[in-house]
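Worksheet: the structure to be examined is printed underneath.
All values derive from a computational prediction rather than experimental measurement.
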Amino acid sequence: MEGKEGKKKKKQKGEKKSTANPSFKPSSEVKGIRFGGQFVVKSFTVRRAAPIELLRLLSPPPHLCNQSNSVPFPSTVAFLPTNFTILAHHAWHTLTLGLGTKKSKVLVFVFESEAMKSAVDRVWPSAIPLGEVNKKLIRGLSGCEMARFKFRKGCITFYLYAVRHVGVAGFSRAEDLRTILQSLVALKDFLDHTAMLALPAQRSIGFSPPVAMAH
């Protein structure tokens with residue numbers, strides 16, 4: 001039988017291989033987020049994250065965190081679990097005597113331009129149930145192609161999508177995409193949700209998303 005070290009090396013090799021060759025597919029064909037048999041998780045919510053929250057979660061190279069005159073990853077949108085979702089995961093795990101998942105989902109979308117991100121910002125909700133993500137966020141981007149990446153990091157599963165218009169060659173935000181992918185590969189497993197609970201906008205269960213966001 002293969003040991004844990006062997007499985008870990010294979011997993012890391014697969015992750016590195018996936019980062020090197022992004023495969024773009026029409027939004028109607030790209031894989032969405034998966035739930036397995038955990039159907040109750042579909043009702044849990046994620047909220048749009050502020051740029052600083054994504055930075056704190058990814059822990060990218062220091063020079064990106066110290067840019068005072070610009071926003072790192074300006075064409076990127078991320079959705080993090082709300083406090084309700086984090087607590088609901090733990091409650092469900094307890095009620096099912098350990099059979100319910102405690103894993104949370106984090107969604108990151110890297111668009112080919114700031115203009116494309118701004119257009120999406122105007123129509124995407126600030127918070128959404130996980131069960132509506134595939135239909136409203138991923139399938140809802142008609143006329144677009146996506147490359148999907150998935151990383152399991154302990155209690156958090158990251159879903160990363162690079163988004164471009166159909167027919168566009170290459171990816172103009174390739175450097176941002178590469179940096180985020182490298183940061184995800186380098187992350188150690190999250191043993192609990194302390195990192196997200198400590199984020200600025202996660203101070204209370206009654207989190208109220210801002211009416212307007214700086215772009």
Side-chain angles (χ1 to χ4, degrees), residues 27 30-36 38 40-60 71-89 101-112 114 116-141 144 146-163 173 176-177 179-181 183-184 187 190 193-215:
S27 59
V30 72
K31 289 182 181 179
I33 62 175
R34 300 299 178 90
F35 300 95
Q38 303 286 342
V40 70
V41 175
K42 291 185 177 183
S43 63
F44 296 167
T45 53
V46 287
R47 62 172 180 82
R48 192 147 1 155
I52 188 64
E53 293 180 304
L54 180 61
L55 279 182
R56 291 186 180 183
L57 196 60
L58 292 180
S59 298
V71 177
F73 313 129
S75 69
T76 298
V77 176
F79 285 85
L80 304 180
T82 62
N83 265 351
F84 168 80
T85 291
I86 292 171
L87 295 173
H89 270 298
T101 180
K102 288 201 296 185
K103 293 182 181 294
S104 289
K105 301 180 189 298
V106 170
L107 310 169
V108 183
F109 296 87
V110 182
F111 296 95
E112 65 179 355
E114 292 179 59
M116 190 179 190
K117 173 194 176 288
S118 296
V120 168
D121 276 340
R122 289 192 288 269
V123 296
W124 275 7
S126 56
I128 185 172
L130 284 167
E132 297 180 13
V133 166
N134 291 343
K135 180 180 179 181
K136 292 188 176 180
L137 301 192
I138 298 172
R139 308 282 179 255
L141 289 175
C144 294
M146 297 183 181
R148 176 187 184 268
F149 308 87
K150 180 179 178 181
F151 298 86
R152 293 186 181 93
K153 295 292 178 176
C155 69
I156 301 176
T157 301
F158 290 87
Y159 290 85
L160 172 63
Y161 294 88
V163 189
R173 286 288 176 177
D176 284 355
L177 178 62
T179 300
I180 294 174
L181 284 169
S183 297
L184 288 173
L187 279 178
F190 290 86
H193 293 89
T194 305
M196 280 187 291
L197 287 170
L199 292 172
Q202 287 281 36
R203 292 177 184 141
S204 67
I205 298 175
F207 167 72
S208 179
V211 176
M213 295 184 66
H215 301 306

[X] versus [Y]: any side-chain heavy-atom pair under 4.5 Å?
| X | Y | result |
| --- | --- | --- |
| Phe44 | Ile86 | no |
| Lys117 | Thr76 | no |
| Val108 | Phe149 | no |
| Thr45 | Ile128 | no |
| Leu160 | Val110 | yes |

- Straight-line distance of Lys42 NZ to Glu132 CD, nearest 0.5 Å: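 It is 11.0 Å, given to the nearest 0.5 Å.
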- Query: Atom OG in Ser27, atom CG in Leu137: separation rounded to 0.5 Å?
  - Reply: 11.5 Å
- Taking it one step at a time, do Leu141 and Phe111 satisfy side-chain contact (heavy atoms from CB on, under 4.5 Å)? CA-CA 11 Å; Leu141 289 175; Phe111 296 95; 4.1 Å; yes
So, for [X] and [Y], which heavy atoms are closest and what is the spacing to 0.1 Å?
| X | Y | value |
| --- | --- | --- |
| Phe79 | Arg48 | CD2-N, 3.6 Å |
| Leu55 | Pro72 | CD1-CG, 3.6 Å |
| Ile138 | Ile33 | CD1-N, 4.4 Å |
| Ser43 | Pro129 | O-CB, 4.4 Å |
| Leu80 | Glu53 | CD1-CB, 4.2 Å |
| Phe158 | Ile156 | CE1-CG2, 3.6 Å |

- Applying side-chain contact (heavy atoms from CB on, under 4.5 Å), run through Val120 and Val77 and close with a yes or a no. CA-CA 9 Å; Val120 168; Val77 176; 5.5 Å; no
- Query: Can Tyr159 and Val106 be said to form a side-chain contact (heavy atoms from CB on, under 4.5 Å), step by step?
  - Reply: CA-CA 6 Å; Tyr159 290 85; Val106 170; over 6 Å; no
- If only atom types and distance count, is the side chain of Lys105 paired as donor or acceptor with the main-chain N or O of Arg34 below 3.5 Å?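 Answer holds: yes.
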- Is there a donor-acceptor pair closer than 3.5 Å between any side-chain N or O of Lys153 and the backbone N or O of Leu187?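 Between the backbone of Leu187 and the side chain of Lys153 there is a qualifying donor-acceptor contact (under 3.5 Å).
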- Task: Report the C-alpha separation of Cys155 and His193 in whole Å, then their side-chain angles, then the decisive distance to 0.1 Å, and conclude whether the side-chain contact (heavy atoms from CB on, under 4.5 Å) test is met.
- Result: CA-CA 7 Å; Cys155 69; His193 293 89; 3.9 Å; yes
- Message: So that I can tick it off, tell me whether Glu114 and Arg173 are bridged by a salt bridge, with the cut-off set at under 4.0 angstrom between side-chain N and carboxylate O.
- Response: yes
